[in-house]
Amino acid sequence: VIADNGDLSWPPKLKVYDGTNLTYDGNIVETPTAIVSFHVDTTEPRIPAIALAAGPYIYVYKNIRPYFKFTVPSLEINQLEQDLWNQAKADKIDVQMLHDMLESIKSDSDAVPLTPLSTKFLQTAPHQRSHFVAVYRENPLKRQTVITALETLKKSHPDEDAISCLIIGTENKDMYILDPEAFTVLVKQSLPSQPVFLRSTGLYDVDYRILVACRNGNILVMKKGSNSPKFCITLNSHPVGVERVGKNIVVATMDKNLLCYNNKIKNLWNIPMPNNITCLASMDFKAKTFKGILVGLDNNEVRVYRDKFLVDTLTLPDIPSMMQFGKYDREDSTLVIITKSGGLHIYILKRNVDLSQGLASASMGPSPKQFQKLNVPRKTKTFVDQTLREREHGVTMHRQFQHDLYRLRLTTARNFAEALQKKMMPISASNFAPLKLSANVQGIGPMFRLSIEVMNTSTSHPIMGAYVVLSTNESLYVLEKSYINLPLLVPSLTYTVNTMVRCTNDQGVTDCINVFVYIKGKCSPALTAIIDMPASESMIVV
């Protein structure tokens with residue numbers, strides 16, 4: 001299906017080809033701007049309808065017959081302009097006054113633009129204005145926009161022949177989504193600039209994304225349920241074409257560049273072209289699971305890219321102006337190209353074609369830089385070597401770990417049993433003398449103060465006849481008291497006893513002091529503590 005813009009010698013036409021035979025050739029009232037095929041119902045056989053955008057209208061054809069005509073909603077009319085034409089209709093204002101007032105409205109940048117009727121009146125010669133007002137003053141004022149872009153969006157099912165909604169972009173910076181059955185407006189969205197390309201993914205009833213390429217060089221993304229489109233990409237030049245290849249966005253610009261972005265709007269690659277880009281199309285070769293991009297250049301070439309690698313080049317007799325890849329007749333992989341001179345070219349891709357050869361010639365394999373040795377840091381190399389060793393000797397290392405763990409547990413148990421036997425624990429575990437002992441050293445030397453705290457941890461039984469014995473290296477330390485009696489130890493109370501310790505060595509040599517708590521009548525201590533003495537400062541004589 002081809003929409004022909006026409007020429008001075010023939011009007012715009014809608015042409016339908018069956019194979020290479022022209023089966024329908026009908027005139028179109030206005031110059032077409034876009035054309036798509038979509039399904040409007042589930043009637044069998046599944047024949048799609050054709051939506052043709054021309055001016056402010058969308059003409060829907062079904063079975064190559066006119067089916068429905070949709071008009072884009074009219075724009076707001078300046079109320080002052082409406083009042084002026086109403087006064088002119090009632091002969092309450094002369095033609096010169098009407099002209100001057102309309103000129104003032106036109107010069108006001110903040111006012112609503114004039115309708116085509118007022119614009120044409122301002123362009124009329126002065127001697128023809130009276131006749132113009134007399135002829136057209138009864139006509140209602142209308143201000144309509146024109147359609148600049150057209151796209152389809154699956155409604156509720158992703159099948160190829162599922163019902164689809166129409167997406168319309170207008171010159172007035174608005175975008176509409178139409179219901180495919182009643183052709184009513186489902187969604188209206190205002191845009192910051194005029195849309196020139198629309199691409200959609202997803203389902204309208206579930207979730208969808210609409211990619212909008214604007215005339216000012218910005219690319220927007222509209223999501224389901226969003227109040228405003230999300231600003232995504234700012235191009236350095238105007239877009240020539242936009243396509244979605246998988247999850248990536250491929251954009252062709254007027255400065256001879258082919259750019260690719262991912263879903264997070266990160267630029268993946270940029271390929272400069274040798275000539276100006278005239279058209280862009282996506283390529284989905286399902287037989288070989290090949291997804292690529294077709295780029296038309298003004299040097300009569302069509303280049304096939306997969307990611308950033310050139311796969312193949314097709315030379316044409318003329319400059320390509322439009323192309324489409326998909327199913328045509330009984331062939332699933334067909335490329336249809338329309339050239340600048342009006343020629344129609346159809347290329348069928350062989351079913352057994354091997355596109356991997358083109359990829360190999362495009363050096364899609366590993367880069368030679370991958371085989372260069374990297375300057376790996378020493379810590380990273382040690383970590384990698386350790387990882388390889390653990391992978392190779394994992395069983396042996398696990399057994400050794402278990403052996404060392406058992407030895408650690410055995411040593412811990414032995415030391416704990418020895419501490420219990422020698423009463424080296426800070427808390428006594430005996431039933432006859434449940435005590436808790438703590439000690440601390442105060443001072444910087446050579447005189448120290450040793451504070452010993454003893455507490456009865458029982459709940460109801462006091463302890464009598466307890467005393468503290470201190471033992472140390474007499475060549476280093478002199479104890480003021482080496483034997484201290486303790487009073488009756490009441491449960492849950494802390495008793496503190498102090499003694500002075502003098503260090504006799506000024507060379508910084510240190511040792512420990514042993515503290516024993518005995519109960520009268522017992523030959524072994526109830527508690528034992530070892531206090532490490534700090535280094536003594538030298539005595540300063542003032």
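Side-chain atoms are counted along with the backbone in the values below, which use heavy atoms only and exclude waters and symmetry mates. Since the model is a prediction, treat every value here as computed from it, not as a measurement. When a residue number appears, it is its place in the shown sequence, counting from 1.
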> Do T339 side-chain atoms and G343 backbone N/O form a donor-acceptor pair below 3.5 Å?
yes
> Do L220 and K230 touch side chain to side chain, with heavy atoms closer than 4.5 Å?
no
> Using a 4.5 Å cut-off on heavy atoms from C-beta on, say whether the side chain of L316 contacts that of V302.
yes
> Any donor and acceptor pair, going by atom type alone, linking the side chain of D179 with main-chain N or O of E181 inside 3.5 Å?
yes
> Do we see a donor-acceptor contact under 3.5 Å between the side chains of D83 and Q79?
yes
> If you count every heavy atom of other residues, nucleotides or ligands that lies below 6.0 Å from K224 atom NZ, does the total exceed 12?
yes
> For Y328, enumerate each residue passing the side chain to side chain contact (heavy atoms under 4.5 Å, CB included) test, keeping only those at least two apart in sequence or located in another chain.
Y17, T334, I346
> So which heavy atom on V240 is nearest to which on C279, and how close?
CG1-N, 4.3 Å
> Can you tell me how far apart OG1 (T42) and NE2 (H157) are? Round to the nearest 0.5 Å.
9.5 Å
> Could you tell me which residues satisfy side chain to side chain contact (heavy atoms under 4.5 Å, CB included) with D298, sequence neighbours excluded, listed by chain and number?
N275, N276, T278, I319
> Please identify each residue that fulfils side chain to side chain contact (heavy atoms under 4.5 Å, CB included) with Y57, with sequence neighbours left out.
E30, Y59, K69, T71, Q144
> Donor-acceptor pair, T152 side chain versus C165 backbone, under 3.5 Å?
no
> Does a sphere of radius 6.0 Å around CD in E160 hold more than 12 heavy atoms from other residues, nucleotides or ligands, not counting ones at 6.0 Å or beyond?
no
> Evaluate T253 against I277 for side chain to side chain contact (heavy atoms under 4.5 Å, CB included), listing each step before the verdict.
CA-CA 7 Å; T253 58; I277 302 175; 5.9 Å; no
> Kindly confirm or rule out a cation-pi arrangement of K15 over Y24, judged by NZ or CZ under 6.0 Å from the six-membered ring centre and within 45° of its axis?
no
> In terms of heavy-atom contacts, does CZ of F231 have more than 12 from other residues, nucleotides or ligands at under 6.0 Å?
yes
> Look up atom CG in D307 and atom CG in L310, then write down how far apart they are to the nearest 0.5 Å.
12.5 Å
> Is there a donor-acceptor contact under 3.5 Å from the side chain of N257 to the main chain of A252?
no
> Could you check if a side-chain atom of Y176 sits within less than 4.5 angstrom of a side-chain atom of V187, using non-hydrogen atoms only?
no
> Which value, rounded to the nearest 0.5 Å, describes the distance between R244 atom CZ and L211 atom CG?
6.0 Å
> Is there a donor-acceptor contact under 3.5 Å linking the side chains of N86 and Q82?
yes
> Do NZ/NE/NH1/NH2 and the carboxylate oxygens of K155 and D205 come within less than 4.0 Å?
yes
> Just to verify, which of I249, N248, L259 counts as forming a side-chain contact (heavy atoms from CB on, under 4.5 Å) with L268?
N248
> Can you find a heavy atom in the side chain of L52 that is under 4.5 Å from one in the side chain of I58?
no
> Could you walk me through whether V112 and I77 satisfy the side chain to side chain contact (heavy atoms under 4.5 Å, CB included) test, starting with their C-alpha distance in whole Å, then the side-chain angles of each, then the deciding distance to 0.1 Å, before giving a yes or no?
CA-CA 7 Å; V112 178; I77 299 175; over 6 Å; no
> Verify side chain to side chain contact (heavy atoms under 4.5 Å, CB included) between V212 and C214, making sure each step is shown before the conclusion.
CA-CA 6 Å; V212 185; C214 299; 4.0 Å; yes
> Mind listing the closest non-hydrogen atom pair of P11 and N27 along with its distance?
CG-OD1, 3.8 Å
> Below 4.0 angstrom, N of the basic side chain to O of the carboxylate: do D284 and K327 qualify?
no
> Kindly say whether H393 contributes a backbone atom to a donor-acceptor pair with the side chain of T396 at under 3.5 angstrom?
no
> For G169 and P195, work out which heavy atoms get closest and say how close.
CA-CG, 3.6 Å
> For D385, enumerate each residue passing the salt bridge (charged side-chain N to carboxylate O under 4.0 Å, His left out) test, keeping only those at least two apart in sequence or located in another chain.
K381
> Would you say R46 has more than 12 foreign heavy atoms packed within less than 6.0 Å of its CZ?
yes
> Let's go through M175 and M222 carefully: what are the C-alpha distance in whole Å and the side-chain angles of both, what is the deciding distance for side chain to side chain contact (heavy atoms under 4.5 Å, CB included) to 0.1 Å, and is it a yes or a no?
CA-CA 10 Å; M175 185 176 66; M222 178 181 173; 2.9 Å; yes
> Return yes if some donor-acceptor pair links the side-chain N/O of S37 with the main-chain N/O of P48 below 3.5 Å, else return no.
no
> Nearest 0.5 Å please: distance from the CD1 atom of I2 over to the CD1 atom of I338.
4.0 Å
> Would you kindly say whether N172 and T170 are connected by a side-chain donor-acceptor distance under 3.5 Å?
no
> So, do E151 and L166 sit near enough that their side-chain heavy atoms are less than 4.5 Å apart?
no
> Does NZ belonging to K13 count more than 12 external heavy atoms closer than 6.0 Å?
yes
> Taking T382 for the side chain and R378 for the main chain, is one N or O donor matched with an acceptor at less than 3.5 Å?
yes
> In sequence, state the C-alpha distance, the side-chain angles, and the governing distance for R306 and D312, and then conclude on salt bridge (charged side-chain N to carboxylate O under 4.0 Å, His left out).
CA-CA 10 Å; R306 183 174 184 178; D312 197 7; over 6 Å; no
> Suppose we screen for side chain to side chain contact (heavy atoms under 4.5 Å, CB included). Which residues come up paired with E243, at least two apart in sequence or across chains?
R199, L280, S282, I293
> Please confirm whether the ring centroid of F309 lies under 6.0 Å from the ring centroid of Y305.
no
> Got E81 and S118 here, is their nearest side-chain heavy-atom distance under 4.5 Å?
yes
> Within a reach of under 6.0 Å around CE of M322, are more than 12 heavy atoms found that belong to other residues, nucleotides or ligands?
yes
> So, are D207 and R209 salt-bridged, with charged N and O less than 4.0 Å apart?
yes
> State which residue, out of F290, F325, F285, fulfils the side-chain contact (heavy atoms from CB on, under 4.5 Å) condition with V304.
F290
> Heavy-atom count check: over 12 atoms from other residues, nucleotides or ligands less than 6.0 Å from N236 CG?
no
> With side chains defined as the heavy atoms from C-beta onward, is the minimum distance between T380 and F383 less than 4.5 Å?
no
> Using only atom types and a distance under 3.5 Å, with no angle test, would you say the side chain of D159 pairs donor to acceptor with the backbone of A162?
no
> May I ask you to test the Q96-R129 pair for a side-chain heavy-atom distance under 4.5 Å?
yes
> How many angstroms lie between CE in M323 and CG in L314, if you round to the nearest 0.5 Å?
9.5 Å
> Please, which pairs that meet ring-ring contact (aromatic ring centres under 6.0 Å, His included) have at least one residue in residues 60-118, sequence neighbours excluded?
F68-F183, W85-F121
> I need the I337 CD1 to D318 CG distance, nearest 0.5 Å.
11.0 Å
> Salt bridge or not for K154 and D161, using N-O below 4.0 Å?
no
> Within a radius of less than 6.0 Å around CE of M397, do more than 12 heavy atoms belonging to other residues, nucleotides or ligands occur?
yes
